[in-house]
2 protein chains.
Amino acid sequence: MVNQNEENLNEIFHALANETRRDIVRMMALNERTVSELAEPFDMSLAAISKHIKVLEKANLVERIINGRTHICRLKTESLSQATEWLNFYEKFWSKRFDLLESELMKAKRKEN
Amino acid sequence: MVNQNEENLNEIFHALANETRRDIVRMMALNERTVSELAEPFDMSLAAISKHIKVLEKANLVERIINGRTHICRLKTESLSQATEWLNFYEKFWSKRFDLLESELMKAKRKEN
DNA sequence: ATTATATTTAACTATATAGTTGAATATACA
DNA sequence: TGTATATTCAACTATATAGTTAAATATAAT
């Protein structure tokens, strides 16, 4: 059953590890967009963008609303939050350690005087 | 000159898109560790872990202090922060949009009455 | 000097990724 | 009905990734 949460994190971080896909996220953050609207700024085939969107979808970063022949893509932020949480945990952990280290140094300094 | 900042983000997110590497980050968050200490819990060759550490190093997530024949690995948080910032920006953006949407709905609701 | 320990490097394999082009599918329009 | 539009799918290529094992390097210990 391969821990689902870790698998999600793999997919989210992998999805974000590509500049084109981050650009797509940026565009969707401004407003929901159709596939061809998302593809327009890129010097790349529509099929390539279609694949990128699928990667974002697999990572649960995109919701697709099929509206006749056009697909509307909307950013889903739950996954973004999941990634943020992971990062925040370790960042906080680290800064706490750092503060601890600092206060130890202060103690040592005080003893010197 | 391929935007350096975007290249960094590629490397950071790619480094974090792997469970083994996230585990390594977790271990280093607790305390700095030698390469073999980091390798110990994994059912994987030392060479494989050596490579994973290199990926983290390339992403600027690890600082290596060579101490005789042992290498000590320490987490660097600047890169973590860089990733967090990227994520926070889009999360905030999105929740702002959402708030806006909500307040529009409220306005509409009030007009109904 | 010899041997043991810590780590990297090289060569290799299997699989995944990012892109391409051309065809297929599905819907809209005249 | 026939044609244009929006999107995906399939097949293919080139490159990257994650792992392996065996050998190389460098330092420490006897």
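Proteins get letters first, then strands, A, B, ... in listed order; numbering begins at 1 in each.
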Distance (rounded to the nearest 0.5 Å) between A:Ile53 CD1 and A:Arg33 CZ: 12.0 Å
Nucleotide-resolved protein contact map, nucleotides 1-12 of chain C, B/S/- at heavy-atom distance under 4.0 Å: ---BBSBSB---
Closest listed nucleotide, where the reference is the side chain of B:His14 and the choices are D:dA18, C:dA18, C:dT20: D:dA18
Separation of D:dT7 C1' from A:Ile65 CD1 (nearest whole Å): 16 Å
Any side-chain heavy-atom pair of A:Thr84 and B:Tyr90 under 4.5 Å: no
Side-chain N,O (B:Ser45) to OP1/OP2 (D:dG19) below 4.0 Å: no
Interatomic distance, A:Asn18 CG vs D:dT15 C1' [rounded to whole Å]: 14 Å
A:Arg21 CZ to C:dG19 P, straight-line distance once rounded to whole Å: 8 Å
Euclidean distance, atom CD of residue B:Glu19 to atom P of D:dG19 [Å, nearest integer]: 11 Å
What side-chain donor-acceptor pairs closer than 3.5 Å can you find for residues 62-69 of chain B, not counting sequence neighbours?
from	atom 1	to	atom 2	distance (Å)
B:Arg64	NE	B:Glu57	OE1	3.4
B:Arg64	NE	B:Glu57	OE2	3.0
B:Arg64	NH1	B:His71	ND1	2.9
B:Arg64	NH2	B:Glu57	OE1	2.7

Side chain proximity check, B:Cys73 to B:Val35, heavy atoms < 4.5 angstrom: yes
4.5 Å side-chain heavy-atom contact, A:Leu61 and A:Leu16: yes
Length of the NE2-C1' vector between B:His52 and D:dT17, whole Å: 9 Å
Most 5' of A:Asn67 and A:Met44 on DNA chain C, judged by nearest nucleotide: A:Met44
Min side-chain heavy-atom separation A:Asn60-A:Gln82 under 4.5 Å: no
Spacing of A:Ile66 atom CD1 relative to C:dA28 atom C1', expressed in whole Å: 16 Å
Nearest-Å distance for atom pair CD/P, residues A:Glu7 and C:dA16: 12 Å
Flag side-chain contact, heavy atom, 4.5 Å: A:Arg26 against B:Trp86: yes
Nearest-angstrom distance from the residue atom CG of B:Asp43 to C1' of D:dA18: 14 Å
